[in-house]
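Data block below; observations after.
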Amino acid sequence: MNDPQQQLHDALDALDAAFTPRAELPTSVDGCTYCYGAADLEALAGPVGRIPDELVRHVAHEGPDHWADFPGLYRKLAPRITRLLVADQLINDMTASRFLAAGWRDWSGAECTALESVWHAWWRSILHSYPSAGSVTDVLETLGALNGSLAPWLSTWAQTRTEAADLHLNDALDWWLYGSELADLRFGFYDEVHATPELLPWLLSLEDDRIGATQLREVERIAYGY
């Protein structure tokens, strides 16, 4: 039960269970007939498990204005979309913004709890494996945008003293410091989260051996305006 990959697997199964009543209900789906044919709309109206992966991918990225009831459709497909997301088969920041547009934090208590369990299990699985399915920066951006804050994810990262977590940190810093992006870093497809005010103090608070000297000097330069 302590294996992060198994915890993620279990959290995804629990997510399926939380959404089962909604997933099996037949619904009417009214959408853009220029982008989606009658067969697509019929499939989306049927049981979630029978919808082709490629169609779920399209819907996961599609704008809300393509659907008469975007929140209802996204809610129905949430477990399938989430499985594709954690498998690195979707555009992370766009999918996070679509979840926000669907109002996921206003869904039922059981559904929200199940999704939050997946978010935390996904993050732990990333920090315990290197290389991982998806880059650590993409996953952090997704989780930060989904929740409106980096605090819980950065706290977990600080407390995770694995070789994988430190390798991810090195990669993330290389990415964030390239072109001084860290000075004004924003997360989410629509820049929903201003990451810099949370990231800089966190980076400076880490134990000395977690950031290389060259990277730390650059972080301090950005933080203190050297």
Side-chain angles (χ1 to χ4, degrees), residues 4 7-8 11-12 15 60-61 63-64 74 78 81-107 111-160 162 164-206 210-211 215 218-219 222-223:
Q7 290 176 352
L8 176 58
L12 288 166
L15 180 67
H61 296 142
Y74 220 83
I81 292 171
T82 301
R83 282 185 178 272
L84 293 173
L85 181 63
V86 303
D88 196 32
Q89 295 183 31
L90 297 177
I91 301 172
N92 293 57
D93 58 354
M94 183 181 292
T95 305
S97 294
R98 299 295 184 248
F99 264 107
L100 292 176
W104 79 270
R105 283 180 276 192
D106 296 324
W107 296 350
E111 292 167 344
C112 287
T113 296
L115 279 166
E116 288 165 355
S117 293
V118 171
W119 306 149
H120 285 278
W122 183 24
W123 186 231
R124 287 192 297 270
S125 75
I126 292 291
L127 296 179
H128 283 81
S129 58
Y130 185 94
S132 56
S135 75
V136 71
T137 51
D138 285 346
V139 176
L140 180 63
E141 176 171 6
T142 303
L143 295 172
L146 281 166
N147 292 272
S149 173
L150 302 182
W153 321 110
L154 296 179
S155 176
T156 298
W157 202 347
Q159 295 168 23
T160 305
T162 62
D166 287 349
L167 288 169
H168 281 307
L169 179 59
N170 181 73
D171 288 352
L173 279 165
D174 280 346
W175 181 255
W176 293 332
L177 293 172
Y178 180 77
S180 294
E181 273 199 27
L182 185 58
D184 188 24
L185 188 62
R186 297 173 188 271
F187 285 169
F189 192 68
Y190 300 107
D191 294 339
E192 290 93 343
V193 175
H194 192 191
T196 297
E198 292 187 84
L199 271 177
L200 276 178
W202 177 75
L203 289 167
L204 293 170
S205 73
L206 292 174
R210 296 198 72 174
I211 301 179
Q215 290 178 328
E218 186 62 14
V219 171
I222 293 171

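These numbers come from a predicted model, not from an experiment.
Two residues are said to be in side-chain contact when any heavy atoms from C-beta on lie closer than 4.5 Å; Leu167 and Val136 fail this criterion. Residues Trp122 and Thr82 are not in side-chain contact: their nearest non-hydrogen atoms beyond the backbone lie 4.5 Å or more apart. Using a 4.5 Å heavy-atom cutoff, the side chains of Leu100 and Arg105 are in contact. The shortest side-chain heavy-atom distance between Leu206 and Leu169 falls under the 4.5 Å cut-off. In this structure, the side chains of Leu203 and Leu173 come closer than 4.5 Å at one or more pairs of heavy atoms. At least one side-chain heavy atom of Trp153 sits less than 4.5 Å from a side-chain heavy atom of Trp119.
Separating the CG atom in Asn170 from the CD atom in Gln215 is a distance of 4.5 Å, to the nearest 0.5 Å. Note that the CG atom of Leu115 and the CD1 atom of Ile81 stand 10.5 Å from one another [nearest 0.5 Å]. Atom CG of Leu84 sits about 9.0 Å away from atom OG1 of Thr95, to the nearest 0.5 Å. Rounding to the nearest 0.5 angstrom, the gap separating the CD atom in Glu218 from the CD1 atom in Ile211 is 12.0 Å. Taken from CG in Asp166 to CG in Leu127, the straight-line distance is 10.0 Å, to the nearest 0.5 Å. In this structure, the separation between CG on Leu143 and CD on Glu116 is 11.5 Å, given to the nearest 0.5 Å.
Classified by interplanar angle (parallel below 30°, tilted 30° to 60°, perpendicular above 60°), the ring pair Phe99/Trp107 is tilted.
Considering only residues two or more places apart in sequence or on other chains, His128 meets the ring pair (Phe, Tyr, Trp, His ring centres under 6.0 Å) condition with none of them. Trp157 meets the ring pair (Phe, Tyr, Trp, His ring centres under 6.0 Å) test with Trp123, Trp202; sequence neighbours excluded. Phe187 pairs by the ring pair (Phe, Tyr, Trp, His ring centres under 6.0 Å) definition with nothing, not counting sequence neighbours. With sequence neighbours excluded, the residues that form a ring pair (Phe, Tyr, Trp, His ring centres under 6.0 Å) with Tyr130 are His168. Applying the side chain to side chain donor-acceptor pair (under 3.5 Å) rule to His194 yields the partners Asp184; only residues at least two apart in sequence or on another chain are considered.
The heavy-atom pair separating Ala121 from Leu8 by the smallest distance is CB-CA, 3.7 Å. Closest heavy-atom contact between Leu15 and Ala114: CD1-CB, 3.8 Å. Across all non-hydrogen atoms, the minimal contact from Gly188 to Ser97 is C-OG, 4.2 Å. In terms of heavy atoms, Ala133 sits closest to Ile126 at O-CD1, 3.6 Å. Taking all atoms of both residues into account, the shortest heavy-atom contact from Ala151 to Ser149 is N-OG, 3.1 Å.
Tested against Leu185 for a side-chain contact (heavy atoms from CB on, under 4.5 Å), the candidates Leu199, Val193, Asp191 yield a single pass: Leu199.
In this structure, the side chain of Thr196 engages the main chain of Leu182 through a donor-acceptor pair within 3.5 Å. Of the possible polar contacts, one joining the Arg210 side chain to the Ala158 backbone as a donor-acceptor pair under 3.5 Å is found. Remark: side-chain polar atoms of Arg98 are paired, donor with acceptor, to backbone N or O of His61 under 3.5 angstrom.
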Listed pairs under 3.5 Å, donor-acceptor, residues 85-94 side chains, sequence neighbours left out:
{"residue": "Gln89", "atom": "OE1", "partner": "Arg57", "partner atom": "NH2", "Å": "2.5"}
{"residue": "Asn92", "atom": "ND2", "partner": "Thr142", "partner atom": "OG1", "Å": "3.3"}

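There is a side-chain donor-acceptor pair under 3.5 Å between Thr137 and Ser135.
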